[in-house]
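These notes are about the structure you will find just below.
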Number of protein chains: 4
Amino acid sequence: MTEQKPTKRQDILDAAIVLFAERGYNGTTVPMIAEAAKVGAGTIYRYFDHKENLVNVLFQEKVKQLSHHLMQGYPNDSSIREQFRHIFQRIHHFAIGDSHALHFIDSHCSEIFLTEESNQVFDSFIQYICDVIEVGQKRGEIILMQTEALIGIVYGAIVQILKMLRSDVLDGSEHLMKSIEECCWNAIRSH
Amino acid sequence: MTEQKPTKRQDILDAAIVLFAERGYNGTTVPMIAEAAKVGAGTIYRYFDHKENLVNVLFQEKVKQLSHHLMQGYPNDSSIREQFRHIFQRIHHFAIGDSHALHFIDSHCSEIFLTEESNQVFDSFIQYICDVIEVGQKRGEIILMQTEALIGIVYGAIVQILKMLRSDVLDGSEHLMKSIEECCWNAIRSH
Amino acid sequence: MTEQKPTKRQDILDAAIVLFAERGYNGTTVPMIAEAAKVGAGTIYRYFDHKENLVNVLFQEKVKQLSHHLMQGYPNDSSIREQFRHIFQRIHHFAIGDSHALHFIDSHCSEIFLTEESNQVFDSFIQYICDVIEVGQKRGEIILMQTEALIGIVYGAIVQILKMLRSDVLDGSEHLMKSIEECCWNAIRSH
Amino acid sequence: MTEQKPTKRQDILDAAIVLFAERGYNGTTVPMIAEAAKVGAGTIYRYFDHKENLVNVLFQEKVKQLSHHLMQGYPNDSSIREQFRHIFQRIHHFAIGDSHALHFIDSHCSEIFLTEESNQVFDSFIQYICDVIEVGQKRGEIILMQTEALIGIVYGAIVQILKMLRSDVLDGSEHLMKSIEECCWNAIRSH
DNA sequence: AATGAATGAGTGTTCATTCAT
DNA sequence: GATGAATGAACACTCATTCAT
């Protein structure tokens, strides 16, 4: 009576992301996912055409969640410095709330089994940040350089830091995260 | 006169690194490697005990090559700024010369099938850079912060940039690389 | 109504014993068993962890069947002569009903892939006959000699005879079997 | 200077019989034989067309050696009792001198990879004993029964006993062997 | 003659996917 | 809808056999 319909589907996705993040797509078997989701192996195929479909659905869903997360409380009217801080903090917050999602996204974002659509979803996420940077460049707050390069620097740095958080190489104290955020900003701000 | 001795072994390693970099360890089958190396499947087992052994040998070899590359012409007596530039340029140079190696290293460095030895080889590479950063901190050239975090920022940024070079999102013009290097330095230098 | 449950498992065991008896463990491939059992190769692994597990399960099952067969209608209170006749006849009867089982047991009973448990099951079967012989010796019906030697003589003779029955070198007429039984008894009875 | 030509061939045969006896035909690989014989793997194919050929040559050679062994000092003019004792003792002697041969013969004599010729060689060995038994029957020293059955009993018993000697279940003391020989004779002698 | 590196068909085993229940 | 037994193609790995040296 209490359980809604799409529970099983969600159970599958929830189980899958943990396994994909920890063992990779090819290191994860469908029976593994079924067991972790407490679901029959055949049930997975009622919701997803095949394993590739599952990973693509999951990928798109998570990237969209991350994007939405970024938008929440977005300080449109503040300085680019403020916007940057917001983005950094929201990504960090997202990674705390869903400890596997960011690692899953990062470790699967250039895999060959992603569909065109999945790639587009990821690209628009990146594009979103690109846009912020471009505005920052116009306003003279950010260095003038190929935008993709700036994204790369910041994105690479953040993802690596969060990877290290996940594996407890770093503690995620507020103070440390604040310093790291500042480092990232220093990388791209105009001097 | 027709062929050197250790050709087959090298052929296998050369074929394997490309496939591992592009498809991951689990996404790469032994027959794929055999075909790419133009070698019988059984031949691979004359040189490597099993697939895990192959990936470990390859990983250690490539990390060591990268380390040696870093050392060449290392400006021991220069400023940390100079040393940092050297490291950046050498990594870049390494990535140009062996376009799959860095991606292979980065995407496999935390996989569970790596042996203790492989992990140690990678750790000493990281440690080497750590040491430089620590000296920089003592000399007041680099910001005071947990060394691992600084490494994470710089390493993450560089690897991401080189990934983008590989996939032609960025051109690797000297001018651009110089700017990127400066960005990375700005992230961690003391202001 | 169409089929019982544990059919597949039994199909596999039934197919395997024939092949193991005729070709030996190492001469029998899993695909051979699958084909003979009219079952997919993968199905075998739903019921048995691996080939060694299959041969051990089969071995223990057959030795236990043989033991039970021996017990049925066992003339506990009769003379050792009667008991010996019973054992001989029951082994013969067993071999008639399951023409591969005894050969399978005999040709695999000292193989290195048998588990400790399998060896124990076989040993208790042998021990059972040993006990009868020892009682016979105490009662003066059987010659005084190392029990193992007596077992060896009788067991070796019986197994060889049944081997020859299987390959139609001998017909298994009641008269002949009766004579053979007497020969075996004569080998060990006290004169 | 000292080494004759057919040394390598003999080395291979000597190594092969040990392995075949201990691990069976299918459990023995050609490289195993090569290593044990201290010979290159390819060398085996200079002397034997293939593995099956090797095992057949070996089988025939060993059966013939056993047959010759039986003949040596054969007491043609003695009683069948004497002849039986001779046969038993010579087989025992053969098994002592070449500890793997009898086991090899027995465990391979009904394998499907034996050629027609191998089977014939083995059959003539059996036939030889059959003839003795038949004479014994005519002279009234041996029970009247299908000769093959009598052979089976005695052959089975002897082989089993020698198997147990090999695996140290029995000690091979002269006294014990004498008793066993008598048991075997009692099995088939006319009373 | 002798070698052993090389091969690829064949082995034991796994796993994405189907389908009768 | 949900299941999990069943499948067979594909995997990692082995080994009888060949052949350049």
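Because the structure is a prediction, the values reported are computed rather than measured. Side chains included, hydrogens not; waters and symmetry mates left out as well; all remaining heavy atoms used. Every chain is numbered from 1, with letters handed out A, B, ... down the list of sequences.
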Atom-pair distance ([atom1] on [X]; [atom2] on [N]), nearest Å:
| X | N | atom1 | atom2 | answer |
| --- | --- | --- | --- | --- |
| B/F48 | E/dA6 | CZ | P | 12 Å |
| A/N26 | E/dC15 | CG | C1' | 12 Å |
| B/L19 | F/dC11 | CG | P | 13 Å |
| B/M32 | F/dC13 | CE | P | 15 Å |
| C/I44 | F/dT7 | CD1 | P | 10 Å |
| D/N53 | F/dT18 | CG | P | 12 Å |
| B/Y25 | F/dC11 | OH | P | 14 Å |
| B/F113 | F/dA12 | CZ | C1' | 15 Å |

Please determine which of D/N119, D/L114, D/T115 meets the side-chain contact (heavy atoms from CB on, under 4.5 Å) test together with D/Q60. D/T115

Closest to the [X] side chain, choosing from [options]:
| X | options | value |
| --- | --- | --- |
| D/V30 | E/dT3, E/dT13, F/dA16 | F/dA16 |
| A/Y47 | F/dC13, F/dG1, E/dT17 | F/dG1 |
| D/K8 | F/dT3, E/dT13, E/dA2 | E/dA2 |
| D/R46 | E/dA5, E/dG12, E/dT3 | E/dT3 |

Under the salt bridge (charged side-chain N to carboxylate O under 4.0 Å, His left out) test, which residues partner D/K163, sequence neighbours left out? D/D106

Per nearest nucleotide of DNA chain E, the residue lying toward the 5' end, C/K51 or B/V39, is B/V39

Relative to the 5' end of DNA chain E, which residue comes earlier, B/A41 or C/G42, by the nucleotide with the nearest heavy atom? B/A41

Where is the tightest heavy-atom contact between A/E52 and A/V55, given as atom of each residue plus distance? O-CG1, 3.1 Å

If you take all heavy atoms of B/I33 and B/A16, which pair is closest and at what distance? CG2-CB, 4.1 Å

For D/Y45 and F/dT17, is the shortest distance between a side-chain N/O and OP1 or OP2 below 4.0 Å? yes

Return no unless some side-chain N or O of D/T43 is found under 4.0 Å from OP1 or OP2 of E/dT3. yes

Electrostatic pair C/E61-C/R9, nearest N-O below 4.0 angstrom: yes

Listing for DNA chain F: consecutive Watson-Crick or G-U pair runs of at least 3, distance cutoff 3.5 Å, ranges ordered by first number, gives E:2-21 with F:2-21

Pairwise 5' ranking along DNA chain F for A/G40 and B/H50, keeping only the more 5' one: A/G40

For the residue pair A/F104 and A/F20, does the interplanar ring angle fall in the parallel (under 30°), tilted (30 to 60°) or perpendicular (over 60°) class? parallel

Cation over ring face, B/K8 and B/Y47, 6.0 Å, 45°: no

